[in-house]
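Let me begin by presenting the structure, written as structure tokens, before commenting on it.
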Amino acid sequence: MSPIVITQLATGISVLAGAVFIKSVMDQKPMAGQFPRCPTCNGTGRVTCFCSRWSDGDVGCRRCSGSGRAACSNCGGSGTGRPLPAQITVQPPNRPY
């Protein structure tokens, strides 16, 4: 085998090993972070726009900019669940003296 073939073979094996490593890391901890995928858009951040349901078959409006896919209203287009901005206050129990 010539040195060029050996170099190409080594490069291909290292790329494959890197891909397997990245896949194993992604399976353990997805990129979505601490929030789960949005159940409405399945993590894409986009949903079918209302304009694609029109009877004339024409697709395109301001909401989707003509693509037929609008930002998900459930996750705001992020693709992940997001916490509700709520503040909880806890008061100590009343104890009779």
> Is the number of heavy atoms from other residues, nucleotides or ligands under 6.0 Å of I4 CD1 greater than 12?
Replying inline: no

Donor-acceptor list for residues 40-51 side chains, cut-off 3.5 Å, not counting sequence neighbours:
residue, atom, partner, partner atom, Å
T40, OG1, N74, ND2, 3.1
T44, OG1, C41, O, 2.9
T44, OG1, R46, N, 3.3
T44, OG1, R46, O, 3.1
R46, NH2, R69, O, 2.7
T48, OG1, R69, NH1, 3.4

>> Minimum heavy-atom separation for C75 and G79, please, with both atom names.
In response: SG-N, 3.2 Å

> Taking the hydrophobic residues Ile, Leu, Val, Met, Phe, Trp and Tyr, and joining any pair whose side-chain heavy atoms are under 4.5 Å apart, which ones share a cluster with I13?
Replying inline: L9

> Residues in side-chain contact (heavy atoms from CB on, under 4.5 Å) with V5, at least two apart?
Replying inline: M1, S2

